[in-house]
Trainee: 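Questions regarding the structure given below will be posed in turn.
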Amino acid sequence: KWKGEGTTQNLESIVIGRCYNYIRIVNPAVGEKNCSQIWEAFKNAFINKDPCNILPKDYELFINLTLHTIPPNKSLFWENNQLLVNSFADRGRRYMSLGDTLFGFIGDFLNWCGQADSHGLDYESCPTTLECENNAVESFWRMASITYAQHSSGVIQVLLNGSAEGGSYPQPGFFADYEIPNLHKGKISQIFIWVVDDLEGPDLESCGIQSVKTLETRLKTLGYDVTCTDNNK
């Protein structure tokens with residue numbers, strides 16, 4: 001009935017497994033977390049509810065249970081280049097992108113939704129953001145993005161795709177709408193923007209022009225110390 005793909009098969013096992021994988025192998029420094037409790041909080045955010053009426057705040061308990069420190073100078077924000085970010089961040093060893101936090105790691109590349117008046121998951125289809133903005137996945141990533149921005153500090157990195165159709169700095173977009181407004185200015189010393197073109201791709205945008213300039217101007221107006229680099233070797 002929806003246009004989006006349904007819930008990822010074996011979702012519960014994946015979420016609980018990713019939680020243990022993270023606290024045991026990826027980043028044991030975060031300490032003990034109750035992975036079964038985390039699954040329950042995740043599921044209860046959207047289960048037995050209208051799949052078009054899930055709000056970011058519904059994930060508050062999940063976020064509180066998974067929250068941990070994001071080390072200063074390690075935050076890496078991005079748009080339109082998730083695979084590059086994943087390899088560049090190196091699972092938190094170089095940077096800690098949203099997908100390298102426990103809450104982001106749990107949700108990465110998964111899909112999910114429930115159904116009104118049913119305790120089951122919908123494996124057939126889930127609403128896309130075009131069908132309704134307040135869907136389970138969109139609201140999850142909004143809450144995760146807000147939390148990530150609020151807990152970022154020191155020198156901030158922003159990795160943008162200079163070959164992206166529709167602009168390196170998309171508006172609306174998660175960085176524009178949920179991350180920039182939730183940065184704590186007093187905790188941030190500098191923002192580095194990296195504009196990176198696809199290896200075979202067109203060079204559509206660079207520092208100081210088009211949407212990248214819009215971003216630079218916005219951040220400078222907010223009082224941040226901003227540096228932008230093109231295709232840094």
Side-chain angles (χ1 to χ4, degrees), residues 1-22 33-67 77-86 97-149 161 164-182:
K1 78 185 174 188
W2 301 111
K3 294 191 172 70
E5 58 179 278
T7 298
T8 307
Q9 297 287 337
N10 310 104
L11 184 71
E12 179 176 357
S13 302
I14 294 170
V15 168
I16 293 173
R18 282 184 175 184
C19 175
Y20 281 119
N21 184 22
Y22 191 89
K33 300 285 183 186
N34 186 328
C35 293
S36 305
Q37 208 180 354
I38 284 169
W39 159 253
E40 290 299 321
F42 175 76
K43 181 182 71 174
N44 289 335
F46 64 90
I47 214 81
N48 204 17
K49 295 179 187 174
D50 175 350
C52 279
N53 195 22
I54 314 296
L55 300 173
K57 65 179 175 58
D58 293 334
Y59 289 98
E60 260 171 16
L61 178 58
F62 168 81
I63 290 290
N64 290 340
L65 292 172
T66 53
L67 197 58
F77 294 86
W78 57 273
E79 287 283 7
N80 297 316
N81 48 23
Q82 185 170 11
L83 298 178
L84 174 63
V85 165
N86 285 357
S97 69
L98 174 53
D100 304 311
T101 64
L102 175 54
F103 48 94
F105 187 80
I106 285 174
D108 235 5
F109 298 108
L110 298 179
N111 208 46
W112 63 88
C113 65
Q115 308 167 63
D117 310 318
S118 160
H119 284 284
L121 298 162
D122 191 339
Y123 292 102
E124 298 301 310
S125 66
C126 291
T128 63
T129 302
L130 287 174
E131 289 178 286
C132 58
E133 283 196 8
N134 292 332
N135 67 62
V137 175
E138 183 80 7
S139 290
F140 174 89
W141 288 113
R142 285 178 187 170
M143 188 66 182
S145 292
I146 289 166
T147 305
Y148 180 70
N161 186 340
E165 297 287 335
S168 303
Y169 167 59
Q171 293 175 280
F174 278 90
F175 185 55
D177 300 339
Y178 299 100
E179 292 169 339
I180 293 174
N182 286 289

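Computed from a predicted model, the values in this text were never measured in an experiment.
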Trainee: State which residue, out of Thr147, Ile146, Asp177, fulfils the side-chain contact (heavy atoms from CB on, under 4.5 Å) condition with Asn182.
Mentor: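 The residue from Thr147, Ile146, Asp177 that satisfies side-chain contact (heavy atoms from CB on, under 4.5 Å) with Asn182 turns out to be Ile146.
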Trainee: Kindly assign one of parallel, tilted or perpendicular to the pair Tyr59 and Phe62, based on the angle between their ring planes and the thresholds 30° and 60°.
Mentor: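 Perpendicular.
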Trainee: Looking at Asn48 and Asp117, would you say the former's side chain and the latter's main chain have a donor-acceptor pair under 3.5 Å?
Mentor: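 Yes, Asn48 side chain to Asp117 backbone: donor-acceptor pair under 3.5 Å.
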Trainee: For residues Pro51 and Cys126, determine if any side-chain heavy atom of one lies less than 4.5 Å from a side-chain heavy atom of the other.
Mentor: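 When only atoms from C-beta onward are counted, Cys126 and Pro51 do not touch, as no gap falls below 4.5 Å.
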Trainee: NZ of Lys3: more than 12 outside heavy atoms within 6.0 angstrom?
Mentor: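 Counting neighbours around NZ of Lys3, 12 or fewer heavy atoms of other residues, nucleotides or ligands fall under 6.0 Å, so no.
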Trainee: Quick one: does Glu5's side chain have a donor or acceptor within less than 3.5 Å of a partner on Asn111's backbone?
Mentor: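 Flag not set: sc Glu5 to bb Asn111 has no pair under 3.5 Å.
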Trainee: If you take all heavy atoms of Asn44 and Lys49, which pair is closest and at what distance?
Mentor: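 Nearest pair, atom of Asn44 first, then Lys49: O-NZ, 3.5 Å.
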Trainee: Do the side chains of Asn135 and Thr128 get nearer than 4.5 Å, heavy atoms only?
Mentor: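 Side chain of Thr128 against side chain of Asn135, heavy atoms only: no contact under 4.5 Å found.
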Trainee: Within the 4.5 Å heavy-atom criterion, are Leu98 and Gln82 side-chain neighbours or not?
Mentor: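 No, side chains not in contact.
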Trainee: For the OH atom of Tyr22 and the SG atom of Cys35, what is their distance to the nearest 0.5 Å?
Mentor: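 The SG atom of Cys35 is 12.0 Å from OH of Tyr22, to the nearest 0.5 Å.
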Trainee: Could you pull out the closest heavy-atom pair between Leu121 and Ile47, with the gap in Å?
Mentor: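 Closest approach of Leu121 to Ile47, heavy atoms only: CD2-CD1, 3.5 Å.
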Trainee: Minimum heavy-atom separation for Asn86 and Phe109, please, with both atom names.
Mentor: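 For Asn86 versus Phe109, the nearest heavy atoms are ND2-CE1, 3.8 Å.
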Trainee: If you take the centroid of each ring, where Trp contributes its six-membered ring, are Tyr148 and Phe103 closer together than 6.0 Å?
Mentor: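 They do not qualify: ring centres at least 6.0 Å apart.
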Trainee: If you look at every heavy atom in Pro170 and Ala176, which pair is closest and at what distance?
Mentor: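 Result for this residue pair: O-CB, 3.8 Å.
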Trainee: Keeping Ser139 on the side-chain end and Ile54 on the backbone end, is there a donor-acceptor pair under 3.5 Å?
Mentor: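 Judged by distance alone, yes, a pair lies under 3.5 Å.
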Trainee: Once you measure the plane-to-plane angle for Phe174 and Tyr178, does it fall in the parallel (<30°), tilted (30-60°) or perpendicular (>60°) bin?
Mentor: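 Phe174 and Tyr178: tilted rings.
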Trainee: Which atom pairs, donor and acceptor, lie under 3.5 Å between side-chain atoms of residues 11-20 and protein residues at least two apart or in another chain?
Mentor:
from	atom 1	to	atom 2	distance (Å)
Arg18	NH1	Phe105	O	3.2
Arg18	NH1	Ile106	O	3.1
Arg18	NH1	Asp108	O	2.7
Arg18	NH2	Asp108	O	3.2

Trainee: Using 0.5 Å steps for rounding, measure from the OG1 atom of Thr66 to the CG atom of Asn64.
Mentor: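 Reported to 0.5 Å precision, the distance equals 8.0 Å.
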Trainee: Between Glu60 and Lys57, is the closest basic N to carboxylate O distance under 4.0 Å?
Mentor: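 Looking at Glu60 together with Lys57, the answer is no, because their closest N to O distance does not fall below 4.0 Å.
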Trainee: Under the 3.5 angstrom rule, does the side chain of Ser168 hit a backbone N or O of Asn161 as a donor-acceptor pair?
Mentor: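 Here the side-chain-to-backbone pair exists.
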Trainee: Under 6.0 Å from the CD atom of Glu124, do we count more than 12 heavy atoms belonging to anything else shown?
Mentor: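 No, the 6.0 Å shell around CD holds no more than 12 heavy atoms from other groups.
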Trainee: So which heavy atom on Leu65 is nearest to which on Gln37, and how close?
Mentor: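 Closest heavy-atom pair between Leu65 and Gln37: CD1-O, 3.8 Å.
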Trainee: Taking atom CD1 of Ile63 and atom CE of Met143, what is their separation to the nearest 0.5 Å?
Mentor: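 Going from the CD1 atom of Ile63 to the CE atom of Met143 covers 5.5 Å.
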Trainee: Should Glu131 and Lys1 count as an ion pair when the cut-off is N to O under 4.0 Å?
Mentor: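 Lys1 and Glu131: not salt-bridged.
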Trainee: Classify the angle between the aromatic ring planes of Phe46 and Trp112 as parallel (below 30°), tilted (30 to 60°) or perpendicular (above 60°).
Mentor: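 Ring orientation, 0 to 90° scale: tilted.
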Trainee: How far apart are the closest heavy atoms of Asp58 and Ala45, and which atoms are they?
Mentor: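 So the two residues come closest at O-CB, 3.3 Å.
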